[in-house]
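For reference, the structure discussed in these notes is given below.
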Amino acid sequence: MNSYDHSSIEAKWQKQWDDAGIFKTNQNPTDKMYILVEFPYPSGNLHVGHWYAFAVTDIFARYMHHVGKDVFFPFGFDSFGLPAENAAIKRGLNPKDWTYSNIAHMQKQVKSMGTMIDWSTQVATSDPEYYRWTQWLFLQFYKKGLVTHEQSHVNWCPSCKTVLANEQLEAGLCERCSSVVEQKVMMQWNIKITQYADRLIDDLDDVAWPTHIKESQKNWIGRSHGTFFTFDIKDAEENIKVFTTRPDTFMGVTYVVIAPEHELIQELKSTISNWNEVEEYIERTNQKTNLDRQTNKQKTGVQLNGIKAIHPATKQEIPIFISDYVLASYGTGCVMAVPAHDERDFEFATLYNLPIVQVVEPAITSNTPSIINKKPYLDLSGHLINSGEFDSLPVSEAQEIITTRYGTKTTTYKLQDWSVSRQRYWGCPIPMIHCASCGVVPVPEQDLPVRLPDMDKIEIRDDGKSPLAHNTEWVTTTCPACGGSAQRETDTLDTFVDSSWYYMRYTDPVNESEFASADALRTFMPIDFYSGGSEHTNRHLLYARFFFKVMYDLGLVTQTEPFITRNNRGLILGPDGEKMSKSKGNVIDPDSVVETVGSDVVRSYLAFMGPYGEAGNYPWDPNGVVGIRRFFERVFALASRAGQNDSQQSLVALHTMLSKIHYDFEQLKFNTALSKLMICLNELEKHECSVKTLSQFLIPLNVFAPHVAQEIWEMIGFSGFVYHQKFPVADLGVLEGQSFKIMIQINGKTRFSHETSNSLSEADVLECIGGTDEYKKWVGDKKIIKTIYVKDRLLNIVVSE
RNA sequence: GCCGGGGUGGCGGAAUUGGUAGACGCGCACGACUCAAAAUCGUGUAUCGCAAGGUGUGCGGGUUCGACUCCCGCCCUCGGCACCA
């Protein structure tokens, strides 16, 4: 009896595929397709999400392989990062040993998926052979002037004891440990991603990504067009530069507000008469966390006594305030307040009894009353009032004229520069040297990599420094410029730097003289399909695009976008419909499911849960898994009784499936692709089915269930690997002459149908159905007003009632 | 508040883009096999109705011979951003 013993089948075929090396990448592809999945962090254990990422993408990769693409499907590990270091601190483990034993274990787990991954491509970002090139790229960025080392306002996680990028915050909390993040000023290495803000937005036009991903990135970058105005300060040399998107409201400015952290305040210290009060407010602001500032939106502030700003147009003196509702990091850090037309300014003005001057009269439209009822309102279709010479100008015209007269056109972004310094050990050392006489000196390229030293004890102190700082032997070095004694930089790079270029290293993973050869890059880049998690939309995906653009400018790559298409995966939820978590006890362990029902079942079930391209979150149904298992068992059962002949129905079933299934794969609808195989099997079971027909069925099945397909392939007497088979082409001749139904509608409602095997004209259909009882019942002697005929699909007869 | 997705049986989801709503799978019910149960196989399964037939894709309108699909107005829900001037 041919039963489905998944364990032995999987072990058997995985070994044979491996021994035969059938998944080796074709280095001279004629029709290349680079399929990439975000590489995992080697946490130590594979979860269902990893399966959903790699096994289901493997289904897509295998489909592409069978239809003739030269698929490149690599794999690696994003192996620097905090968990290794935390394991070291908590449990006294060596971060390197911990990481590499996890990698070894996870590799085995991934191999159990039975994917067509080419393992010879594997990279790990913590390998010196890899991070050598991370450092090299960092130095190229530095030479291009894109790297700065400066005092910066940073997000500090007191629990992780390291700096976080804005992208690593979630509602003011550390994304990793949910600690309340503090604000600090520290010397930091920053990369000037803001210089690429425009291109990062504009080039989105060139990629075929889902709209929501593009929109999210645009939002994150937050480009807005507006005007700078400069307000002089009476009897002082300094002035206040503000940014606004509503220059038309310029004549309604009744005061200005400066962010408390703004350096201008310090410069004005001697002229401010209530300095004590001001200083106290600044102190209070500095102690506030981002979270406080975001949740407690009650307006507070302090007027700067003794100084006044001068309105550039009216020359009137207006008060100056500091308030934490103005952010230092956005625009100029100063705003002109127009309480009549801005909610926040309105609130503040009401609190401090400041004048409110309406300068825009809304246009009379149907929704005007609701605008006016709202105390401060914005109306872009109105005209100006109380604005002197600008009165009666429409808003858009006023914006132009006032900007030309008093201001400068400009563009600002929400995106901030990328802070890449991390005060932790297990990361890529920043290849910089601090010399007392020469300052910051980059490590010469021939000295790369700057190796991370092995350290017996990893200890995080409260000095805000990396554990590396306490390794004097490693820190002490000589200055490449003057030869004097110098210190190494002890911060390590944000791991998002490591992962910004790994997909290029895959193309040439063991190259010792370049990060990747131009030849390899030309052969495999760009990435045709990139699957990842939606949490990376505004982080990895943005950083990687930025990296690639800089590399383009450096002449290192020839394209401007690395990822042609992008697919954000959804989440696999627990059987209870909730996100899997240990505390909820709803975690599915893929290893144990694989053990009981087999790898092929898990792969296929994950594909069957729902469409892959829509980022839907699907609950894991243990019964659903059993359904897939039954399907494979039925294929085995069919195999044991397949003979030499086919009934016509079997051929029709096979070729119908073969003709329709491509559409599903192309739409990433692996769920409906698999359902077409099930429909086909349902038919083959009912009719006489030949070994040959079954063998053709096995090739699309191999995409989902490579072990099952291969085993049956052998069982029914075929040799070689199914992997080497081309996807069968549907024989449309078999499908010709099949009978089909033309539905008959009366007044748009389907009432009956007419079965035929020939293509019919409208008159033919009418003639065929004219004598039927159904026709007499629904049409009878009612008057036919008109008919609509969609050839061979439907005839709609409109009759009078 | 702003931006972007979604609302279809008991459940996951189909409907090739305006043409038979509910494919496929799960679950459930009944039947066969069995001493019995499981497994397996078969049949059925949106809903009201004995039936003829009616009603149904979040709600209310509209366009059309015909609407899950298009338009207008709501409601709910998920995700991202959020004092961004």
Side-chain angles (χ1 to χ4, degrees), chain A residues 170-172 210-220 222-224 226-227 242-246 249 257 259 293-299 323-327 329-338 341-345 347-348 412-415 534-535 537-538 568 570-571 573 577 605 608-611 614-628 630-631 633-634 637 660 662-664 666-667 669 671-679 681-682 685 741-753 777 785-790 793-799:
Chain A
E170 271 173 24
T211 354
H212 69 273
I213 304 181
K214 290 188 184 186
E215 285 306 309
S216 183
Q217 285 205 349
K218 283 182 193 169
N219 247 305
W220 183 263
R223 175 162 66 188
S224 60
T227 302
V242 302
F243 171 74
T244 182
T245 54
R246 291 299 305 271
T249 64
V257 193
R293 224 162 141 167
Q294 278 171 25
T295 47
N296 189 356
K297 293 181 179 175
Q298 204 77 355
K299 297 286 176 291
S323 170
D324 66 6
Y325 85 85
V326 175
L327 305 175
S329 55
Y330 181 75
T332 60
C334 306
V335 302
M336 57 175 225
V338 188
H341 304 289
D342 180 278
E343 265 185 73
R344 297 148 303 179
D345 296 344
E347 206 185 308
F348 192 83
T412 63
Y413 307 88
K414 286 197 233 177
L415 183 72
S534 54
E535 71 274 19
T537 300
N538 296 331
N568 277 6
L571 240 43
L573 308 172
Y605 174 61
F608 191 62
M609 295 174 103
E614 287 174 21
N617 299 333
Y618 308 111
W620 178 278
D621 177 2
N623 283 319
V625 178
V626 174
I628 303 293
R630 284 205 271 257
F631 170 61
E633 282 170 357
R634 283 165 48 207
K660 287 181 167 179
H662 297 280
Y663 173 85
D664 302 80
E666 279 152 19
Q667 307 286 313
K669 299 190 68 156
N671 55 331
T672 51
L674 185 52
S675 89
K676 287 190 171 64
L677 290 180
M678 291 171 169
I679 293 167
L681 179 72
N682 289 346
E685 279 178 328
K741 283 176 182 170
I742 297 173
M743 59 174 163
I744 311 299
Q745 295 186 338
I746 310 298
N747 291 343
K749 291 192 179 181
T750 304
R751 295 303 184 182
F752 59 105
S753 61
K777 175 178 173 186
I785 298 166
K786 67 167 169 174
T787 57
I788 293 102
Y789 182 58
V790 181
R793 292 207 67 162
L794 74 95
L795 175 66
N796 187 8
I797 304 168
V798 183
V799 298

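Within every chain, numbering begins at 1; the chains are lettered A, B, ... in the order of the sequence lines, protein sequences first and strands thereafter. Just so it is clear, the values below take in all heavy atoms, side chains as well, and ignore hydrogens, waters and symmetry mates.
- The side chain of A:R630 lies closest to B:rU40 when the candidates are B:rA85, B:rU40, B:rG25.
- Judged by distance alone, the side chain of A:Q745 and the main-chain N or O of A:I797 form no donor-acceptor pair under 3.5 Å.
- Side-chain N/O atoms of A:Y325 and A:D345 include a donor and acceptor closer than 3.5 Å.
- You'll find that the side chain of A:N623 is closest to B:rG27, out of B:rG27, B:rG19, B:rA85.
- Phosphate contact (OP1/OP2 of B:rG25, side-chain N/O of A:N671, threshold under 4.0 Å): absent.
- Whole-Å rounding puts the A:I797 CD1 to B:rG66 P distance at 15 Å.
- Contact annotation: A:N568 does not reach the phosphate of B:rG79 (side-chain N/O to OP1 or OP2, under 4.0 Å).
- For the pair A:L573 CG and B:rG79 P, the computed distance is 11 Å after rounding to whole Å.
- A:T787 and A:N796 share no donor-acceptor pair across their side chains, judged by distance under 3.5 Å alone.
- Put simply, CD1 on A:I744 is 17 Å from P on B:rG66, counting in whole angstrom units.
- Close to B:rA85, at under 4.0 Å from its OP1 or OP2, lies no side-chain N or O of A:Y325.
- Side-chain atoms of A:K414 stay outside donor-acceptor range of the base of B:rC81, with no qualifying N/O pair under 3.5 Å.
- For A:K777, taking side-chain heavy atoms from C-beta onward, the closest of the listed nucleotides B:rG53, B:rA85, B:rA14 is B:rG53.
- For A:V335, the side-chain atoms get nearest to B:rA85 when compared with the rest of B:rA21, B:rA85, B:rG54.
- Within the nucleic acid shown, A:P210 has no heavy atom closer than 4.0 Å to any nucleic acid atom.
- Here, B:rA21 and B:rA39 have their C1' atoms 35 Å apart, quoted to the whole Å.
- Within 4.0 Å of A:Y618, counting heavy atoms only, lie sugar-phosphate atoms of the nucleic acid but no base atom.
- The interatomic distance linking A:L571 (CG) with B:rG5 (C1') rounds to 15 Å, in whole Å.
- Under the 4.5 Å side-chain criterion, counting only non-hydrogen atoms from C-beta, A:V790 is not in contact with A:L795.
- Nucleotide B:rG66: unpaired (no Watson-Crick or G-U wobble partner with both distances less than 3.5 Å).
- Partner assigned to B:rC24 is B:rG12, using Watson-Crick or G-U wobble distances below 3.5 angstrom.
- No more than 12 heavy-atom neighbours from other residues, nucleotides or ligands sit within 6.0 angstrom of NZ on A:K660.
- When atom types are taken as modelled, the side chain of A:Y605 and the backbone of A:V626 share no donor-acceptor pair closer than 3.5 angstrom.
- Nucleic acid contact class of A:G627 (heavy atoms, under 4.0 Å, all strands): sugar-phosphate only.
- Using a 4.0 Å heavy-atom distance criterion, A:L327 is classed as a base contact.
- Applying the 90° cutoff around 0 to the glycosidic angle, B:rU17 is assigned syn.
- When both distances must be under 3.5 Å, the Watson-Crick or G-U wobble mate of B:rA37 does not exist.
- Taking 4.0 angstrom as the limit, A:R793 places none of its side-chain polar atoms (N or O) nearer than this to OP1 or OP2 of B:rU16.
- For the P atoms, the distance linking B:rG22 with B:rG44 amounts to 15 Å, nearest Å.
- Counting only distance, with no hydrogens or angles, the side chain of A:S216 and the backbone of A:I213 share no donor-acceptor pair below 3.5 Å.
- Because its glycosidic torsion is within 90° of 0, B:rG9 is reported here as syn.
- In this entry the distance linking CG of A:N617 with C1' of B:rG7 reads 15 Å, nearest Å.
- To the nearest whole angstrom, the two C1' atoms, one in B:rG53 and one in B:rA36, are 45 Å apart.
- Judged by distance alone, the side chain of A:N617 and the main-chain N or O of A:G570 form no donor-acceptor pair under 3.5 Å.
- Within 4.0 Å (heavy atoms only), A:K749 reaches sugar-phosphate atoms of the nucleic acid but no base atom.
- Nucleotide B:rU55 is matched to B:rA46 when pairs are restricted to Watson-Crick or G-U wobble geometry with both distances under 3.5 angstrom.
- For A:D342, the listed nucleotide lying nearest its side chain is B:rA85; candidates were B:rA85, B:rG19, B:rC24.
- You'll find a donor-acceptor pair under 3.5 Å spanning the side chain of A:Q745 and the base of B:rG19, going by distance alone.
- For B:rG5 and B:rA29, the C1' atoms lie 38 Å apart once the distance is rounded to whole Å.
- Mapping A:S675 and A:Q667 onto RNA chain B via the closest heavy atom, the residue that lands nearer the 5' end is A:Q667.
- Among B:rA85, B:rC83, B:rG19, the nucleotide with an atom closest to any side-chain atom of A:V790 is B:rG19.
- Between A:N219 atom CG and B:rA82 atom C1' there is a gap of 10 Å when expressed in whole angstrom units.
- Of the candidate nucleotides B:rA85, B:rA15, B:rC26, B:rA85 has the atom nearest to the side chain of A:T244.
- Atom C1' of B:rG18 sits at a distance of 40 Å from the matching atom of B:rA82, rounded to the whole Å.
- Going from the C1' atom of B:rG9 to that of B:rU55 covers 15 Å, rounded to whole Å.
- Closest approach of A:M336 and A:R246 over heavy atoms only: CE-O, 3.9 Å.
- A:V338 comes within 4.0 angstrom of no nucleic acid atom, judged by non-hydrogen atoms across all strands.
- Among the heavy atoms of the strands lying under 4.0 Å from A:N538 are primed sugar atoms or P, OP1, OP2 only; no base atom is included.
- Judged by closest nucleotide on RNA chain B, A:V798 is the one of A:D345 and A:V798 placed further toward the 5' end.
- Among the heavy atoms of the strands lying under 4.0 Å from A:R634 are primed sugar atoms or P, OP1, OP2 only; no base atom is included.
- The A:N796 side chain lies nearest to B:rG19 when the options are B:rG4, B:rG19, B:rA85.
- Under the Watson-Crick or G-U wobble criterion, with both distances below 3.5 Å, B:rC81 is paired with B:rG1.
- The interatomic distance linking A:E215 (CD) with B:rG4 (C1') rounds to 7 Å, in whole Å.
- B:rA23 sits 10 Å from B:rG13 when the C1' atoms are compared, rounded to a whole Å.
- Side chain of A:S216, nearest nucleotide from B:rG80, B:rA21, B:rC24: B:rG80.
- Between A:E215 and A:K218 a salt bridge is recorded (basic side-chain N to carboxylate O distance below 4.0 Å).
- Each of B:rA85, B:rA15, B:rU20 was ranked by its minimum atom distance to the side chain of A:K669; first place goes to B:rA15.
- Comparing the same atom, C1', in B:rC68 and in B:rG7 gives a spacing of 11 Å after rounding to whole Å.
- Rounded to whole angstrom, the span from the NZ atom of A:K741 across to the P atom of B:rU20 amounts to 13 Å.
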